[in-house]
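Computed from heavy atoms alone, side chains included, the values below leave out hydrogens, waters and symmetry copies.
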Amino acid sequence: AKAGGEEGLREARERALEDLKRAGEIEPENQEVQSLRAKVERELSDEEIETRVEMIREKKIEAEKKAEEKKTDDDGGATEGRMMPPLPPGEVSEFKVVDEMMKKVADGEINVGLVAPSESADAQKNLMAALAESLGVEADGDVTHGDVLRMAMEDSEENRVYLRTSGGLQALCDRLKTEELEGERAALFEVLAAAVEDSWKSKDIVYNAMGLAAALACLYQEPGKGKFDWANKMAACSLLAACLDDEGGVSESCHKIICGDPGVVACITDTLFRFSEDAKDGEEEEPVSCVKALELLREVARVDKAKKLLVEMYCGAGAGSSAKHVVMGVVFAMTAPRATAEVREAAVCALSNLALVEELRSAFGRKGKRPAEGAKTVTAVHALLAIGRSHKTETPASRAVALGTLMNACIGVKGGDVKKEIASYGGIPVLVSLVTSENQKVSPSIIKQRASGLLGRCLTNEECAKKLVEDKEGGRKVCESLVKAVKGDDGKFFKSGEMGGGAVEAEMVCNMVRCAAILKPAHVGVPGLVEALVSLLPVVKTEGNGSITASSVCMPPEPRAEGSCAWRVDRDITLVANCIKGLIGCLDAGAIGEVLKCGGLESLVSVLANHSSYKNVAVRKNAAAAIARMVKSDEKAMERCRELRGMEILIELGRTG
């Protein structure tokens with residue numbers, strides 16, 4: 001309620017009233033219920049709500065238990081091994097389910113099946129139906145007591161609050177202290193991970209009750225001569241990641257112990273390297289996954305304290321060239337033969353957060369070989385590009401994140417190595433194909449947006465720009481795509497309504513204008529390119545009769561529709577300069593008549609006349625160069641320029657600088 005402000009307090013009171021209403025139905029004459037309801041309706045503190053409502057809940061549960069016992073006695077007793085009688089759907093209290101499952105946990109039966117083998121098929125069916133109705137999830141006969149408890153925690157916040165306030169969370173942590181847990185540990189970690197969701201209080205309880213310490217100890221444990229304990233370690237990672245999540249408030253204690261210890265990152269990295277190795281004897285019988293380790297790394301890498309730790313570990317003076325670099329560990333895991341689509345998606349998300357640490361970006365171009373026989377040399381750039389282009393095996397979300405990660409990795413001084421690696425690996429043609437494809441399965445709108453963004457950033461690198469210029473056919477396709485993007489959705493290039501409001505088109509225009517600025521050879525013969533580029537320049541104001549005069553070109557340009565392609569370009573002075581540079585390429589190819597017909601000369605003169613609004617030197621320089629080319633080669637252009645007093649403006653700007 002505190003976190004949600006007034007709205008959260010109002011919702012908490014509404015939930016309290018609903019609980020009181022249910023309690024009143026059980027004990028309609030209970031004066032305490034009626035009195036508390038009146039208080040809630042007036043002013044009641046959130047602390048009193050939590051305390052008093054829990055008391056009412058306990059009474060409610062006790063009443064349900066008595067009614068249940070009476071029903072069981074009437075039926076002649078329950079069948080041995082059954083959690084509860086086979087009630088019709090809707091009659092199983094969620095709190096009762098939690099209590100019953102906690103009893104099973106205390107008895108060491110967390111991994112025991114919910115239904116005993118001796119149960120009849122009808123009894124199993126009824127119990128599963130009741131469970132599905134109560135928790136809102138589908139379950140089958142193989143579900144364990146731990147599964148039910150975990151699903152109850154995932155199902156609702158009320159169940160998680162009940163477990164915490166009833167002492168169940170403490171009891172789960174205490175159970176972890178038992179010496180002989182055998183196969184219970186992983187199930188306990190998974191239940192705790194679900195139980196701490198959206199609550200810093202629950203995370204602090206797990207920390208104080210040594211539950212977090214148990215997870216760390218499990219993560220640190222060396223396999224020795226035995227088999228690597230994947231189940232327990234991944235479950236421990238799940239709990240650690242849940243404790244780092246900041247939904248519902250940050251647990252400072254959990255952040256401090258997890259993000260301040262280099263051993264956590266080292267253990268994660270070692271786990272990823274183990275996963276990337278060829279499967280050992282016996283592992284083929286039981287498939288393993290490193291998804292939870294990657295999810296933990298993703299959470300760790302977004303915390304500022306952990307970012308500093310990562311820099312010290314891998315980029316500090318004493319770091320050297322570590323054989324087990326965290327970035328390479330992720331790359332090896334995602335390229336391992338046994339990596340599934342789920343593993344690759346988790347790896348991409350981990351790399352996306354690592355790319356935000358500037359000092360680690362150079363590692364994305366670092367080459368390495370997986371610790372397996374016959375493994376090929378690979379880099380993070382190779383792996384991410386492979387996912388970005390693979391529409392058959394990867395989800396659009398994974399592909400978009402992969403391309404976005406490369407975009408972030410290209411930023412700053414360290415990003416230069418990434419751009420070079422993209423160029424040398426043949427990434428430019430890959431990006432061009434994604435930007436220009438009209439196949440929605442190969443390149444949906446979000447992929448076009450990310451690919452064009454990455455392409456635009458890469459072109460600031462000389463090697464990448466050279467690769468694009470050399471690919472004349474690819475450059476021509478980019479220019480054609482720019483025309484389609486400016487014109488909007490044609491039913492093929494963009495999927496109508498995707499991303500909403502033309503946001504993709506506007507973003508792509510900004511990215512492809514950068515490409516057009518260097519693609520002079522590709523301009524020749526692209527229909528509509530001149531018109532598209534001119535449409536992105538400022539709209540010149542007109543006189544009352546609709547004509548453009550020497551006076552109107554000096555007025556501030558007409559405002560653009562917010563969110564449109566031209567509006568996006570106009571807000572970025574560098575893009576305006578690139579747009580004019582693209583027009584210069586068209587003029588050099590002999591398109592002066594087309595530029596004049598589209599009103600390009602008027603727009604260029606307007607840019608110079610309003611030079612105070614375009615303080616970027618490149619904008620004025622490019623506009624002056626474009627006008628000079630036109631008036632030098634065409635008499636009509638010279639005449640029109642004089643009518644608009646463009647020559648005077650050029651001379652004045654040349655004199656004043």
**OP:** Taking ring-ring contact (aromatic ring centres under 6.0 Å, His included) as the test, write out the residues that go with His255, two or more places apart.
**Re:**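 ring-ring contact (aromatic ring centres under 6.0 Å, His included) check on His255 returns nothing, list empty.
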
[X]: what forms a side chain to side chain contact (heavy atoms under 4.5 Å, CB included) with it, not counting sequence neighbours?
X      : value
Asp245 : Lys203, Glu247, Glu299, Arg302
Glu184 : Ile110, Arg175, Leu181, Leu188
Ala386 : none
Ala242 : Ala193, Val196

What residues, two or more places apart in sequence or in another chain, satisfy side chain to side chain donor-acceptor pair (under 3.5 Å) together with [X]?
X      : result
Thr340 : none
Thr405 : none
Asn232 : Asp229

Original post:
Are a donor atom and an acceptor atom from the side chains of Ser251 and Asp204 found within less than 3.5 Å of each other?
Top reply: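 The answer is yes; a qualifying pair exists.
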
Original post:
Is there a donor in the side chain of His145 and an acceptor in the side chain of Glu100, or the other way round, less than 3.5 Å apart?
Top reply: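 Result is no, nothing qualifies.
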
Under the salt bridge (Lys or Arg N to Asp or Glu O under 4.0 Å) test, residues paired with [X] that sit two or more places apart:
X      : value
Arg344 : Glu394
Asp261 : none
Lys177 : Asp174
Glu342 : none

Original post:
What is the minimum heavy-atom distance between Ala293 and Leu272, and which atoms define it?
Top reply: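 Taking Ala293 first and Leu272 second, the nearest heavy atoms are CB-CD2, 4.4 Å.
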
Original post:
Tell me, do Glu345 and Thr395 make a side-chain contact under 4.5 Å, heavy atoms counted?
Top reply: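 Side chain of Glu345 against side chain of Thr395, heavy atoms only: contact under 4.5 Å found.
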
Original post:
Heavy atoms, side chains only, cut-off 4.5 Å: are Asn408 and Ser352 in contact?
Top reply: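 With C-beta onward as the side chain, the pair stays apart.
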
**OP:** Decide, yes or no, whether a salt bridge links Asp107 with Lys103 under the criterion of side-chain N to carboxylate O below 4.0 Å.
**Re:**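 Here Asp107 does not pair with Lys103 in a salt bridge, since their nearest N and O are not under 4.0 Å apart.
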
